[in-house]
Engineer: 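Got a structure for you, written out below as structure tokens; questions coming shortly.
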Number of protein chains: 2
Amino acid sequence: MKLLTRNTDYAVRALSYIAMENGRTITVAELSEELKISWSFLRKILQILSREGLVFSIKGKGGGFRLAQPANRIFLLDLIRIFQGLIRLNACIINNTACPNIRICILKKKIDIIEKSIISELHPVTLETLLNQQNELLHLQTI
Amino acid sequence: MKLLTRNTDYAVRALSYIAMENGRTITVAELSEELKISWSFLRKILQILSREGLVFSIKGKGGGFRLAQPANRIFLLDLIRIFQGLIRLNACIINNTACPNIRICILKKKIDIIEKSIISELHPVTLETLLNQQNELLHLQTI
DNA sequence: TAGTACGATACTAATTTAGTATCATTTACA
DNA sequence: TGTAAATGATACTAAATTAGTATCGTACTA
Ligand code: FES
Ligand code: FES
């Protein structure tokens, strides 16, 4: 049971890299080289991010990608939604659809609480959050 | 992202059925018939439950399964562990093993919190919990 | 000793996740 | 103006996980 799949993971890394280059246009080739992630796979991920409006793309020679939104507006939860779908843990023990139990089911209630907890923990996490952490890390290492 | 897989789900149903029959010895054939779950699949699940000591088995004619522990000692978390492994959501964004970030990583912290929340919600849930709920449901329906 | 039930284990099928390949289109610039 | 560099769309393959089946062996009861 993974909270983040590889798609999401790579998307975060790619976006981080792009964000740290202060508005430079970044090609998939560069990302792939720097992050050591398969070119084709990254390409697909970036295409999706572009379609979803998180980055915008410039075609042709000299082209590439830039963030379409400031880093503090790019939410981890959106990436999860894009690459993994909505967070739905709900497995009814009896019957996935109209379970007669659903109003009183203890498990259902627990799972709802867990879902909410996931969302409330992850909700504040943006690309900026994760970038700051990297800066902090760099700082620590230079002490 | 499912919290419970089908193995776990069926295990809960099978154990519930067995528990509700007050110590009678229940065969896989009966379970399969009553619960409308594939005989072979149930068989495998019961074999595992038996190996894990949650039920004990009686071989030969007249045989079958009984709970090896009282319903309030059979924990949902154990079933999850048995059929799905330990709950580990941890996906490090950079590198699954020795990530240099791990001490300060915000995401890691969040994920730890989520894991703890899952465990603390599910920890009190036993077979008895789920049985009581079913009784409650029956009660409601007869009003 | 026949029939019923579980034990162990290997196998197959379906689904989800991960990753690759191809052709089309846009753009820069020699 | 044409070629190389870049993304867009989309289809395809491969690996991993989950779901489900089959088979042969052993124990027990009547
Ligand atoms: S058993 Fe159906 S919602 Fe819990
Ligand atoms: S980035 Fe490695 S633990 Fe978070």
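In the text below, chain A, chain B and the rest are named by the order of the sequence lines, each starting its count at 1.
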Engineer: Can you measure A:Ile45 atom CD1 to D:dA9 atom P for me and round it to whole angstrom units?
Structural biologist: 16 Å
Engineer: Which whole-number value in Å describes the distance from B:Leu49 CG to C:dG7 P?
Structural biologist: 11 Å
Engineer: Within this structure, what is the CD-to-C1' distance between A:Glu52 and D:dA9, rounded to whole angstrom?
Structural biologist: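 Between C1' of D:dA9 and CD of A:Glu52: 15 Å.
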Engineer: Hey, is the side chain of A:Thr5 poking within less than 4.0 Å of OP1 or OP2 on C:dA18, counting only N and O atoms?
Structural biologist: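 For C:dA18, OP1/OP2 do have a side-chain N/O of A:Thr5 under 4.0 Å.
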Engineer: Does A:Ile58 sit in a hydrophobic cluster with other residues, and if so which ones, taking ILVMFWY side chains as linked at heavy-atom separations under 4.5 Å, directly or through other members?
Structural biologist: A:Phe56
Engineer: For a quick test of reading the model: is some side-chain N or O of B:Lys2 closer than 4.0 Å to OP1 or OP2 of C:dT15?
Structural biologist: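 Answer no for this pair, as no side-chain N or O of B:Lys2 is under 4.0 Å from OP1 or OP2.
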Engineer: So, does B:Gln84 use its side chain to make a donor-acceptor pair with the main chain of B:Thr8 at under 3.5 Å?
Structural biologist: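 Pair absent, no side-chain N/O of B:Gln84 close to backbone of B:Thr8.
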Engineer: Name all pairs fulfilling the side-chain hydrogen bond (donor to acceptor under 3.5 Å, both in side chains) condition that reach into residues 46-55 of chain B, sequence neighbours left out, sorted by first residue then second.
Structural biologist: none
Engineer: More 5' along DNA chain D: A:Ser50 or A:Met1, using each one's nearest nucleotide?
Structural biologist: A:Ser50
Engineer: Please collect all salt bridge (Lys or Arg N to Asp or Glu O under 4.0 Å) contacts where either partner lies in residues 23-43 of chain B, sequence neighbours excluded, each pair once.
Structural biologist: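 Counting only pairs at least two positions apart or across chains, the salt bridge (Lys or Arg N to Asp or Glu O under 4.0 Å) contacts touching residues 23-43 of chain B are B:Glu21-B:Arg24, B:Arg24-B:Glu30.
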Engineer: How many whole angstroms separate atom CD of A:Gln84 from atom P of C:dT15?
Structural biologist: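 In whole Å, C:dT15 P lies 21 Å from A:Gln84 CD.
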Engineer: Report the distance from atom CG of A:Leu3 to atom P of C:dT17, rounded to the nearest whole Å.
Structural biologist: 13 Å
Engineer: Listing request: all ring-ring contact (aromatic ring centres under 6.0 Å, His included) pairs with a residue in residues 16-54 of chain A, at least two apart in sequence or in separate chains.
Structural biologist: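 Matches after skipping sequence neighbours: A:Tyr10-A:Phe41.
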Engineer: Look at the side chain of A:Phe65 and decide which nucleotide, out of C:dA18, C:dA5, D:dT7, has an atom nearest to it.
Structural biologist: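 Among C:dA18, C:dA5, D:dT7, the one nearest the side chain of A:Phe65 is D:dT7.
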Engineer: Please tabulate, for the side chains in residues 59-82 of chain B, all donor-acceptor contacts under 3.5 angstrom to protein atoms that are two or more places apart in sequence or on a different chain.
Structural biologist:
| unit_1 | atom_1 | unit_2 | atom_2 | d |
| --- | --- | --- | --- | --- |
| B:Arg66 | NE | B:Thr25 | OG1 | 2.7 |
| B:Arg66 | NH2 | B:Thr25 | OG1 | 3.1 |
| B:Gln69 | NE2 | B:Gly53 | O | 3.3 |
| B:Asp78 | OD1 | B:Arg81 | NH2 | 3.2 |

Engineer: Go along nucleotides 20-30 of chain D 5' to 3' and tag each nucleotide: B for a protein heavy atom under 4.0 Å from its base, S when only backbone or sugar atoms are that close, - otherwise.
Structural biologist: BB-B--BBBS-
Engineer: Quick one: are A:Leu107 and B:Val12 in side-chain contact, heavy atoms under 4.5 Å?
Structural biologist: no
Engineer: Closest approach to the side chain of A:Arg51, judged atom by atom: which nucleotide of D:dT7, D:dT10, C:dA5 is it?
Structural biologist: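 The answer is D:dT10.
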Engineer: Which whole-number value in Å describes the distance from B:Asp9 CG to D:dT18 P?
Structural biologist: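 Rounding to the nearest Å, CG of B:Asp9 and P of D:dT18 are 15 Å apart.
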Engineer: Does C:dA5 have OP1 or OP2 sitting under 4.0 Å from an N or O in the side chain of B:Ser57?
Structural biologist: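 No, no such contact exists.
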Engineer: Rounding to an integer number of Å, can you tell me how far B:Ile48 CD1 sits from C:dA10 P?
Structural biologist: 14 Å
Engineer: If I take atom CD in residue B:Glu30 and atom P in nucleotide C:dC6, what distance separates them, rounded to the nearest angstrom?
Structural biologist: 11 Å
